[in-house]
K.L.:
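Attaching a single structure in structure tokens format; questions to follow.
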Amino acid sequence: MPPAAEPVRYGLTTNIDTHNPVKANYHEFTGMLRDIRRARTWRGRAGYLFGPPGWHEPAAAPRPHRTPAPTAEATLPASASGPDGATNEAMPPDHENKEAVPV
């Protein structure tokens, strides 16, 4: 028989800190139930239940930031004249009201 590349190891991977035989037998099942309860998707829940040992749900990809859709008011063009017939165009800075300022 050829020698094994890695020796076989038996035992627990984490310490359970108890001598209670019920907890010793079922601690891994409670960990599985905790993982299933925290899963984000049904696929993740099935993976924790039926997947191989050590299986974990893939990390969620960050969602792209979505800007809110513009409102109908923001997409409508401004009217050329207001209710009194005056235009909404801004006057250039050189046409300011110079009559109101005494010289």
Side-chain angles (χ1 to χ4, degrees):
M1 245 167 77
E6 186 177 328
V8 178
R9 289 182 256 161
Y10 297 99
L12 299 174
T13 58
T14 58
N15 193 4
I16 57 173
D17 295 327
T18 185
H19 295 290
N20 183 343
V22 174
K23 287 185 179 180
N25 283 316
Y26 293 106
H27 80 279
E28 195 59 38
F29 290 110
T30 58
M32 283 176 46
L33 290 175
R34 187 180 329 111
D35 290 340
I36 290 169
R37 186 174 52 238
R38 292 180 183 169
R40 294 183 308 273
T41 62
W42 282 103
R43 176 177 255 176
R45 290 178 182 102
Y48 283 120
L49 191 59
F50 299 113
W55 185 89
H56 61 86
E57 194 171 14
R63 292 184 179 195
H65 178 69
R66 295 181 60 194
T67 56
T71 61
E73 297 162 353
T75 58
L76 296 176
S79 62
S81 62
D84 59 352
T87 60
N88 288 339
E89 295 178 11
M91 297 182 92
D94 59 336
H95 291 12
E96 293 177 7
N97 188 0
K98 295 182 181 185
E99 291 84 35
V101 179
V103 180

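Scope of the values below: all heavy atoms of this structure, side chains included, with no hydrogens, waters or symmetry mates. Keep in mind the model is a prediction, meaning the values are calculated, not measured.
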K.L.:
Closest heavy-atom contact between N15 and D17?
P.N.:
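So the two residues come closest at ND2-OD1, 3.0 Å.
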K.L.:
What's the shortest heavy-atom distance between G44 and A39, and which atoms?
P.N.:
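Closest approach of G44 to A39: C-CB, 4.0 Å.
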K.L.:
Let me check something: do F50 and M32 share a hydrophobic cluster, defined by ILVMFWY side-chain heavy atoms less than 4.5 Å apart, either directly or through other members?
P.N.:
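Yes; M32 is reachable from F50 via cluster members.
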K.L.:
Got a sec, which pairs hit side-chain hydrogen bond (donor to acceptor under 3.5 Å, both in side chains) with one end in residues 23-39, sequence neighbours left out?
P.N.:
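Matches after skipping sequence neighbours: none remain.
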K.L.:
Hydrophobic clustering (ILVMFWY, side-chain heavy atoms < 4.5 Å, transitive) - are W55 and L49 grouped together?
P.N.:
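Result: yes, single cluster for both.
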K.L.:
Is there any side-chain hydrogen bond (donor to acceptor under 3.5 Å, both in side chains) pair reaching into residues 40-49, and which pairs are they, with sequence neighbours excluded?
P.N.:
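Output for this query lists T41-E57.
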